[in-house]
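In the text below, chain A, chain B and the rest are named by the order of the sequence lines, each starting its count at 1. Because only heavy atoms are used, hydrogens play no part in the values below, and waters and symmetry mates are left out as well, while side chains stay in.
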Amino acid sequence: MTFAEIILPLHLKGTFTYKIPEDLVEKSEAGMRVLVPFRGKKIYTGIIFKIHQEEPTAFIAKEIISLLDEVAILPKEQLQFWEWVSDYYLCFLGDIYRYSFPSSLKLESETYLKLKPHVTIDFQNLDSNEMYLIQALEVRQLINLTDVEAFIPKKEIVKTIHGLLELQYIEIDEKIAEKYKIKEVSYVKIKPDLLKNLELSNIINELKRAKKQQELFLSILEHQTDHPEKPLRKSTLLNDGLFGVSQVKSLIDKGFVEEYFLEKDRLQSYEGEIEEIDSLSDAQNLINEEIEEAFSKNENVLLHGVTSSGKTHLYLEQIETTINQGKNVLFLLPEIAITKQISQRLEKKYGKKLGFYHQKLTDFERVEVWRKIKNNEIQILIGTRNSLFLPFKNLGLIVVDEEHDTQYRKFENNFFYNGKDSALVLAKFHNANVILGSATPSVESYHLATSGKLKYIYLSERFGNVKLPTFELINFKEEQDFKKVKGNFSNFLITELQKNADSGKQAMILHNRRGFSNVLECETCGYVNYCSNCDVVMTYHKSAHEMKCHYCGQKASKPQFCPKCHGQKLNERGVGVEQIHDELKVLLPNLEIDRMDVDSMRKKFAYEKLYEKIEAEETNIIVGTQMISKGLDFENVDIVAIPKADSLLHIQNFRAEERAYQLILQVAGRAGRVSGKGKVYIQTYNPQHQIFQMIQEENPKIIYDYLLEERKKFKYPPFVKTIFIELKHRKEDKVERSARFLGSVLRKYIPEVCILGPEKSPIAKINTLYQYQILLKLPRSKDYTTYKNFVKKSLEEFDEITSYKTIKKEIYVDF
DNA sequence: AGCACGCCGACT
DNA sequence: GTCGGCGTGCTC
C-alpha cells in the first residue's frame with residue numbers, strides 16, 4: 001500500500017495523507033498535481049509532497065482520484081524550498097501553495113469533466129447517478145464539479161466520478177489548455193489571388209470614389225511590397241488615426257483584403273533588434289574578476305556600490321556568463337514599477353528569452369510564465385520576490401537588486417518571508433550564485449559580508465568618475481531665530497532652488513509623509529478625527545478634499561466645524577507632502593512644480609505622464625514621498641532637498657536610523673548623475689545628530705559600524721534572532737487574554753530575557769481588529785533551533801485552546 | 001480556510 | 001413560534 005502526503009491549497013497545518021490507487025503508484029511522483037476529495041464533497045487540486053508506505057493509524061486515508069500531471073510540475077528544488085520556507089518562517093505549506101500557483105493551475109470544485117472520446121457506454125451496468133452524469137455530459141460537453149451537485153447527492157459525487165473514471169467513460173479535462181486561451185492578434189493582407197498587376201489597378205480604380213479606402217488599400221500594398229516578410233497588424237493601421245475600423249471592414253467585405261490571426265504571446269516580449277551590451281571598463285573588469293573569484297569559491301557577493309556606480313553593468317556581465325553556461329537567471333527587484341532601466345537593457349540583448357513576473361499579472365499571464373519556465377524558454381526572469389516560487393529547474397544566478405528595500409520583507413497572503421534571505425536559500429538548493437546589490441545595503445547584509453559570510457565588494461565611485469553629490473546641513477533652528485525662514489523653508493534653500501532652476505537644472509524635494517496635514521484639531525475642545533476602523537487619526541488630504549485613514553483606506557469628508565463642540569476653527573497640525581508642495585508653489589511662483597506620491601499617482605498612467613514630463617524637462621521641481629527615491633534616473637537633477645529631515649528619524653522602530661540613512665542616500669543618488677554637481681540640502685533642527693553627521697562622510701564603514709554598535713548594544717538583529725508575533729481579534733479583551741496566555745506558555749520554555757510583551761501594539765486597532773504583540777529576541781547560536789522549536793510548541797499549545805482558534809496570528813521570523 | 005452543527009436573541 | 005447570529009469541531 002502506497003500513500004502520499006498531499007499539500008492542499010488551504011490555510012491548514014501540514015499535509016494530508018491519501019492512498020495512491022494501485023494503478024497510479026508507478027506514475028506518481030513528488031511534485032505532481034493530484035485531484036483529491038476533501039471533506040466529503042469538495043474536490044481540490046493538491047500537490048504530492050512525499051510518497052511513503054506508512055499506513056496512517058488515526059484515520060482511514062481516502063484515495064487520490066487522479067493525477068493531473070505526467071511529470072512533476074514542481075521540481076524537487078522547489079519542493080525543498082517550500083519545505084524550508086514553511087519550517088523557517090513558521091507558515092503553512094498550504095498557504096505557500098496558494099500563494100505560488102496561478103489559480104488556473106490549482107482548480108478546485110471548478111474542475112471540469114468530459115466524456116472520453118469514442119467510447120461506447122454500457123448503460124446496463126451504471127447506477128442512476130452515473131447515468132445522470134453521462135447524460136448530462138452528452139448534452140454539455142464540459143461539466144463543472146459544482147454543477148454536478150445539482151443532480152447528484154453531494155456525498156455521492158466523488159464515488160460517481162470515481163466509478164466513471166475507472167470505467168474509462170469520462171476524464172478530467174486538461175483544463176489548462178481549455179481554460180487558458182491563446183491570445184490571437186489580427187493581421188491584414190491583400191487577398192493573395194489579387195496580387196496580379198492587372199487586378200490591382202482595377203481595384204484601385206474601383207475604389208476611386210472611396211478615397212479613404214483607396215488610400216488604405218495602397219498603404220497596405222505599400223507595406224506588403226516594402227516588407228514582404230513582415231505581417232501587418234490591423235492595430236498598427238488603426239493606431240495612426242488615419243484610417244478607421246469601418247474602412248478596413250469595407251475592404252474586407254469587398255473581398256480585397258483578408259484578415260487573419262496569428263498566435264500572440266500574451267506577455268509583451270521585445271520585438272525589436274537584438275543588441276550587444278557595452279563591454280566593461282577596466283575598473284569594472286577588476287570588480288568582475290573579484291565576483292568570479294568569489295563564485296569559484298562558492299561564495300555569494302554583496303555588491304555595495306554608490307548610486308550610478310555601474311552595478312547594472314556588472315549584473316549584465318554575470319547574467320551573460322551564466323546564460324553562456326546554459327543556466328538561467330532570476331533577477332529580483334523590490335517592485336515591478338522600477339524595472340524600466342534594467343529591462344530595457346536586457347531586452348535589447350536577450351529579447352524573447354526574457355520574462356517578467358509579479359503580483360499584478362493576470363492569471364493567464366502567470367500560467368504563460370509558468371509554462372515557459374517549465375519548458376526552459378525563459379532564460380532570464382525579472383520579477384518581484386514572489387518569482388522565487390516559480391518552478392525553476394536550471395538556475396545559475398540570482399540577483400537581488402536594491403536588497404535593502406523593505407518590499408523584500410513583508411507579510412502577504414498569510415505569511416511573512418524575506419525575499420533576500422530566501423533567495424540565498426533557494427540558490428543553495430540549485431547550486432546557484434547570488435549577487436545582492438545596493439547603494440545602501442541592509443545592516444544585516446553588511447554584517448554578513450564583513451564577517452566573511454558573503455564576499456564584500458565596494459564600489460566607491462560613480463561610473464565615469466562622475467562626482468558624488470555633496471551634503472549640506474541647514475540648521476533650521478538658527479535660521480528661524482534669525483527670521484530667515486518662510487514656513488518650512490529657509491530663505492537660503494529657496495534661493496538655491498531658484499538659482500538651480502534658472503540655470504536650467506531640476507530639483508527634487510523629499511518629504512516622506514502623505515497628505516496635507518497629519519491631524520485636524522479643534523482649537524476649542526481639542527477634538528481630533530479618529531478612523532472608525534483603526535486606532536489612528538485621519539489624515540487631511542487637501543487636494544482630494546477629504547480625510548483618509550492610511551491604514552485601512554477609509555475616507556471621510558472634511559468636517560466644516562468641530563462635530564463635538566461646533567467650534568469653527570480646526571487647526572492643521574503636522575506637515576504632509578501636499579503642504580510642502582503648496583508652500584513651494586507660493587514661494588517659487590514662476591516655477592513648474594509637481595508632486596509625486598501614491599495619492600497623486602493613483603490615476604491611470606499618472607506616473608508615466610509625470611515621468612515623461614520630468615524627462616522632457618518641462619518641470620523644475622518634483623516634490624514627493626519616498627516614491628521619488630526609487631527608479632527615477634534623470635540626468636538633469638542637480639539638487640535634492642529634505643526640508644524636514646527630522647521627521648525621518650521620528651519613527652518608533654529599531655530600523656529607523658538605518659532607514660533614514662538609506663532613504664536620504666537613495667534620494668541623494670538622484671542628484672548630479674551626469675553633471676557631477678549634485679547637492680543635497682538637509683534642513684534639520686538637530687544638525688548634530690549622528691546620522692546627519694555621518695551621512696556627509698564618504699566612507700560608509702563609519703555609519704555601518706555605528707548602526708551595528710547600536711544594534712549590539714540594544715540587542716537587535718543581526719546580533720539576536722527575532723520572532724515577532726502579532727495576535728488580532730475583533731474583541732479587545734479576547735486578544736488581550738490570549739496574548740497573555742501565549743506569553744505565559746512561551747515563558748515556560750524560553751528565558752525571561754528573551755521575551756518582550758505581550759503588550760498592546762503601538763496602533764491598538766487596525767481594520768476593526770485589536771492587536772497585541774510579543775517580540776522574541778533569541779540568541780544567535782546553536783540554541784536558536786531549540787528555542788524555535790519551543791516557539792512552535794508554544795504556538796501548538798495555544799492552538800489547543802479552542803476559543804483562541806478565531807484569533808488571527810501573524811508570525812514574523814527575522815522581523 | 002470553509003462548512004456543518006448547535007444553541008440563544010429579535011422578528012414576520 | 002422561526003430566522004439567524006457566531007462559537008466549536010473537523011477535515012486525510
Side-chain angles (χ1 to χ4, degrees), chain A residues 1-22 24-25 28 30 32-68 82 86 89-101 103 106-111 144-146 148-150 153-159 161-162 411-416 727-738 741 767-770 795-811:
Chain A
M1 292 238 275
T2 310
F3 297 89
E5 293 305 314
I6 304 294
I7 306 170
L8 292 178
L10 299 168
H11 181 64
L12 289 172
K13 204 184 142 201
T15 54
F16 291 83
T17 313
Y18 284 84
K19 187 179 176 316
I20 305 180
E22 286 308 322
L24 296 181
V25 170
S28 302
M32 282 180 173
R33 290 175 306 151
V34 292
L35 221 51
V36 291
F38 189 70
R39 283 175 45 62
K41 64 185 170 82
K42 270 251 168 185
I43 291 178
Y44 288 97
T45 308
I47 305 272
I48 303 182
F49 183 58
K50 273 175 187 147
I51 293 176
H52 60 82
Q53 266 73 39
E54 295 142 46
E55 181 162 15
T57 49
F59 51 86
I60 296 158
K62 289 188 181 170
E63 280 202 352
I64 287 172
I65 300 171
S66 63
L67 293 174
L68 291 178
W82 285 24
S86 148
Y89 289 107
L90 306 174
C91 62
F92 298 154
L93 281 168
D95 282 326
I96 299 176
Y97 172 31
R98 279 207 298 196
Y99 175 76
S100 317
F101 266 61
S103 46
K106 52 169 198 288
L107 292 191
E108 302 166 12
S109 300
E110 292 290 299
T111 310
N144 171 324
L145 295 207
T146 334
V148 179
E149 286 177 19
K154 289 177 181 178
K155 280 182 187 140
E156 294 175 31
I157 289 180
V158 173
K159 197 177 126 242
I161 293 172
H162 208 150
F411 192 94
E412 190 180 24
N413 287 284
N414 278 323
F415 66 106
F416 172 89
L727 302 175
K728 307 185 173 204
H729 195 267
R730 212 158 26 81
K731 295 204 176 90
E732 185 172 11
D733 56 328
K734 192 161 178 171
V735 235
E736 199 204 333
R737 253 184 292 125
S738 72
F741 175 75
N767 246 324
T768 73
L769 300 179
Y770 287 91
L795 289 166
E796 274 160 24
E797 282 182 36
F798 182 87
D799 287 341
E800 277 165 25
I801 312 289
T802 49
S803 70
Y804 291 163
K805 284 256 166 69
T806 53
I807 306 246
K808 274 208 174 90
K809 282 197 294 293
E810 292 186 357
I811 300 165

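Across the protein-nucleic acid pair, A:K62 atom NZ and C:dC12 atom C1' stand 8 Å apart, rounded to whole Å. Per the geometry, CZ belonging to A:F3 stands 11 Å off C1' belonging to C:dC12, to the nearest Å. A:D733 has its CG atom 15 Å from the C1' atom of C:dG7, to the nearest Å. A:F38 has its CZ atom 14 Å from the P atom of B:dA4, to the nearest Å. Separating the NE2 atom of A:H52 from the C1' atom of C:dC12 is a distance of 10 Å, rounded to the nearest angstrom. C:dC12 atom P lies 9 Å from atom CZ of A:F59, rounded to whole Å. A:Y44 places its OH atom 7 Å from the P atom of B:dG2, with the value rounded to the nearest Å. The interatomic distance linking A:I48 (CD1) with C:dC12 (P) rounds to 17 Å, in whole Å.
In this model, the phosphate group of B:dG2 is not approached by any side-chain N or O of A:K805 to a distance below 4.0 Å at OP1 or OP2.
Residue A:R730 has its side chain nearest to C:dG7 when only B:dG2, C:dC12, C:dG7 are considered. For A:T802, counting side-chain heavy atoms from C-beta on, the closest listed nucleotide (B:dA1, C:dG9, C:dT11) is C:dG9. The side chain of A:L12 lies closest to C:dT11, out of C:dG7, C:dC12, C:dT11. Of all nucleotides listed (B:dA1, C:dC12, C:dT8), C:dC12 comes nearest to the side chain of A:Y18. Considering only side-chain atoms of A:H11, the nucleotide from B:dA1, C:dC12, C:dG7 that sits closest is B:dA1.
Ring pair A:Y44/A:F38 is perpendicular by interplanar angle, where above 60° counts as perpendicular and below 30° as parallel. A:F92 and A:H11 have tilted rings, their planes meeting at an angle from 30° to 60° on a 0 to 90° scale.
The two residues A:A4 and A:I48 come nearest to each other via the heavy atoms CB-CG2, 4.1 Å. The heavy-atom pair separating A:V735 from A:H729 by the smallest distance is CG1-N, 3.7 Å. Across A:F741 and A:E797, no two heavy atoms sit closer than the pair CE2-O, 4.2 Å.
In this structure, A:K13 reaches neither bases nor backbone, as no heavy-atom distance under 4.0 Å exists between it and the strands shown.
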